[in-house]
Peer 1: 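Dumping the structure here so I can ask a few things about it.
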Amino acid sequence: MATTRELIIKRALQEVEDGMYVNLGIGMPTLIANEIPDDITVMLQSENGLLGIGPYPLAGEADPDEINAGKETVTSVKGASYFDSAESFAMIRGGHIDLAILGGMEVSEDGDLANWMIPGKMVKGMGGAMDLVNGAKRVVIIMEHVNKHGESKVKRACTLPLTGGKVVDRLITDKAVFDFTPDGMVLVETVGEATIEEVRELTEANFTVSKQLETTVGE
Amino acid sequence: MKQGKVYDSFQEATADIQDGATLVVGGFGLCGIPEKAIEAIQESGVKDLTVVSNNCGVDDFGLGLLLQTKQIKKMVSSYVGENKNFERQYLSGEIEVDLVPQGTLAERLRAGGAGIPGFYTPTGVGTPVAQGKEHKEFDGKMFILEEGIKGDFALVKAWKADKMGNLVFRKTSRNFNPVVATAGKITIAEVEELVEVGELDPNEIHTPGVYVQRVLVASDYEKRIERLTVREA
């Protein structure tokens, strides 16, 4: 059976389409890069100033002047460009990046996202996450559906300080795919072996089930 | 000895940085950081510095050196998570920290250097970042007012310069460097290669020399890699 991460990454990969400019967040989202098929052209943006991230370098070829936003050594692809941080966030905030896929700690039924601080713990900083969720044309959050205590991370309201309010377009977990619409949060797909009933049990947030999903699976 | 903008000693180039100064510093992680100017400032012992930089180095390298010697009073950064000294000093209240979203930090420096006192951004609305800030609606969407940042000194690392201070950066070591270069009252640029005026192609200059007051060349850059990641052949 696929691990939760594999399930999430496999589903998240479907969000990435030919011709897109995409920013992948640090951590699990970065892993999506390895899975992008060779027959589509996707330019990956790194907010420290690179459009066109390539694979990790070969051993012995790492260049300290070429890193991604996670401070990992990378390479660049043909057609890549380098720019300064203000330019980088002009491109993000100005709505020129088609898609941002970021990790999450909590998502609320209103599409609020919390992914940067836990009160009482050392605050490390938000980095570029707040700019990305407010700037990218489409914001997809990927995270595990429940925390290690089995509690839902898909909340009626976030309990952690927000990264952005009403910023999430789609949430992908190891159990479900939700869209955030003017009519509220909608379950559009189940993931892996999950059933609609199981998603209901594991989700604190209020949501409706899309007509299409109801017809395909029944309840 | 200095000739025009070109200094041959980091000690001399940083000698007028006083206690309590605000430094705006280029770099992202350990990439493109002004290694030599930081070392000179550590040696000089100036204290109570306010340092505006996306990150704060690691324990024993980059801006982390100035934390070791407790020369920093306040950090303005977007992410400070790589540094245990920082954590210790922050938790004990020895150091103040102002966390600023990365894009807002870059734009505040750009604005500071461009003579723009403030601007509205959607970044941070509805979060702790927005507390106490002016809110304004444009076209039905909420924005907050953020202010430009200027520094008494800017510390910049570039790849190449000519003797007029025209700068060229390499790959992602550019990052915050061009924006901090514009935001410093006195901008000190250190480079790996210094050439004669006229040798850089004007089409390829990233930072025009007007922003740069002091230029130094150094050869033995450590360029430490924070996270070495490689693939199989």
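Chain A is the first sequence line, chain B the second, and so forth, proteins listed ahead of strands; every chain is numbered from 1.
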Peer 1: Could you check if a side-chain atom of Y90(B) sits within less than 4.5 angstrom of a side-chain atom of M122(A), using non-hydrogen atoms only?
Peer 2: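 Contact flag for Y90(B)/M122(A) side chains = yes.
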
Peer 1: Considering residues, nucleotides and ligands other than M91(A), do more than 12 of their heavy atoms fall under 6.0 Å from its CE?
Peer 2: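 Atom CE in M91(A) is packed in, count exceeds 12.
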
Peer 1: Identify which part of D112(A) has an atom lying under 4.5 Å from any heavy atom of chain B, answering side chain, backbone, both or neither.
Peer 2: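 For D112(A), there is no contact with chain B at all, as no heavy atom is under 4.5 Å.
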
Peer 1: With distance as the sole test, does T73(A) use its side chain to make a donor-acceptor pair with the main-chain N or O of L228(B) at under 3.5 Å?
Peer 2: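 No, the answer is negative, given that no donor and acceptor are paired below the 3.5 Å cut-off.
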
Peer 1: Between chain B and each of D65(A), L162(A), T163(A), L58(A), count heavy-atom pairs under 4.5 Å; write down the option with the most.
Peer 2: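 Most heavy-atom pairs under 4.5 Å with chain B: D65(A).
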
Peer 1: So for atom CZ, which belongs to R227(B), do other residues, nucleotides or ligands contribute more than 12 heavy atoms lying within a distance under 6.0 Å?
Peer 2: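 Yes, the 6.0 Å shell around CZ holds more than 12 heavy atoms from other groups.
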
Peer 1: Quick one: closest heavy-atom pair of F28(B) and I67(A), and the distance?
Peer 2: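 Heavy atoms of F28(B) and I67(A) come nearest at O-CD1, 3.8 Å.
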
Peer 1: Flag the pair R110(B) and D84(A) as a salt bridge only when some basic side-chain nitrogen lies within less than 4.0 angstrom of an acidic carboxylate oxygen.
Peer 2: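 A salt bridge is absent here (no side-chain N lies under 4.0 Å from a carboxylate O).
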
Peer 1: Using non-hydrogen atoms and a 4.5 Å limit, figure out which bit of V123(A) sits close to chain B: side chain, backbone, both or neither.
Peer 2: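 The answer is both parts of V123(A).
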
Peer 1: If we count only N and O atoms by modelled type, under 3.5 Å, do the side chains of T123(B) and D131(A) hold a donor and an acceptor together?
Peer 2: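 Yes, because at least one side-chain N or O of T123(B) sits under 3.5 Å from a partner of the opposite role on D131(A).
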
Peer 1: Above 12 or not: heavy atoms from other molecules or residues under 6.0 Å from NZ of K10(A)?
Peer 2: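 It does not: K10(A) NZ has 12 such atoms or fewer within range.
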
Peer 1: Atom NZ in K124(A), atom OG in S78(B): separation rounded to 0.5 Å?
Peer 2: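 K124(A) NZ to S78(B) OG: 13.5 Å, rounded to 0.5 Å.
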
Peer 1: Heavy atoms only, distances under 4.5 angstrom: which of G49(A), S81(A), P64(A) has the most pairs with chain B? Name it, please.
Peer 2: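 Maximum pair count with chain B is reached by P64(A).
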
Peer 1: Mark yes when over 12 heavy atoms from residues, nucleotides or ligands other than F207(A) sit less than 6.0 Å from its CZ; otherwise mark no.
Peer 2: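 It does: F207(A) CZ has more than 12 such atoms within range.
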
Peer 1: Run H206(B) and Y82(A) through side-chain contact (heavy atoms from CB on, under 4.5 Å) and show every step you take.
Peer 2: CA-CA 11 Å; H206(B) 296 126; Y82(A) 303 109; over 6 Å; no

Peer 1: Looking at CG of N48(A) and NZ of K171(B), how far apart are the two atoms once the value is rounded to the nearest 0.5 Å?
Peer 2: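 Reported to 0.5 Å precision, the distance equals 13.0 Å.
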
Peer 1: Under 4.5 Å, counting heavy-atom pairs only, tell me which of A114(A), G70(A), A62(A), G165(A) racks up the most with chain B.
Peer 2: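 Sorted descending by pairs with chain B, the first entry is G70(A).
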
Peer 1: Can you tell me how far the CE atom of M130(A) sits from the CD atom of Q102(B), to the nearest 0.5 Å?
Peer 2: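 Reported to 0.5 Å precision, the distance equals 12.5 Å.
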
Peer 1: Using heavy-atom distances under 4.5 Å, tell me whether E87(A) contacts chain B through its side chain, its backbone, both, or neither.
Peer 2: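 For E87(A), no heavy atom lies under 4.5 Å from chain B.
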
Peer 1: OG1/T172(B) to CZ/F83(A) distance, rounded to the nearest 0.5 angstrom?
Peer 2: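 Atom-to-atom, T172(B):OG1 and F83(A):CZ are 10.0 Å apart.
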
Peer 1: Would R170(B) and D63(A) count as a side-chain contact (heavy atoms from CB on, under 4.5 Å) if you check the C-alpha gap in whole Å, the side-chain angles of each, and the deciding distance to 0.1 Å?
Peer 2: CA-CA 11 Å; R170(B) 185 170 178 273; D63(A) 182 342; 2.6 Å; yes

Peer 1: Shorter than 4.5 Å, heavy atoms on both sides: which option in S85(A), A80(A), S46(A) has the most such pairs with chain B?
Peer 2: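 Top count of heavy-atom pairs under 4.5 Å with chain B: S85(A).
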
Peer 1: Please report the shortest heavy-atom distance between W116(A) and P128(B), naming the atom on each side.
Peer 2: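 Closest pair (atom of W116(A), atom of P128(B), distance): CZ2-CG, 4.0 Å.
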
Peer 1: Would you say that more than 12 heavy atoms from the other residues, nucleotides or ligands in this model lie under 6.0 Å from the CD of E147(B), or not?
Peer 2: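 Atom CD in E147(B) is not crowded, with 12 or fewer foreign heavy atoms closer than 6.0 Å.
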
Peer 1: Taking all non-hydrogen atoms of both residues, which atom of F89(A) and which atom of G103(B) are closest, and how far apart?
Peer 2: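 So the two residues come closest at CG-CA, 3.2 Å.
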
Peer 1: So with a 6.0 Å cut-off around NZ of K153(A), is the heavy-atom count from everything else above 12?
Peer 2: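 Enclosed: over 12 neighbouring heavy atoms sit under 6.0 Å from NZ of K153(A).
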
Peer 1: Which atoms of S76(A) come close to chain B, meaning under 4.5 Å heavy atom to heavy atom: side chain ones, backbone ones, both, or neither?
Peer 2: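 Interface part for S76(A): neither.
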
Peer 1: In this structure, are over 12 heavy atoms from other groups packed under 6.0 Å from Y21(A) atom OH?
Peer 2: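 Open.
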
Peer 1: Would you check, one step at a time, whether the test side-chain contact (heavy atoms from CB on, under 4.5 Å) holds for Y79(B) with I26(A)?
Peer 2: CA-CA 13 Å; Y79(B) 190 83; I26(A) 294 165; over 6 Å; no

Peer 1: With the side chain counted from C-beta on, respond yes when K71(A) and C31(B) share a heavy-atom pair under 4.5 Å apart, and no when they do not.
Peer 2: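 They are not in contact (no side-chain heavy atoms under 4.5 Å apart), so the answer is no.
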
Peer 1: So which residue, G126(B), S173(B), G32(B), ends up with the most heavy-atom pairs under 4.5 Å with chain A?
Peer 2: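 That would be S173(B).
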
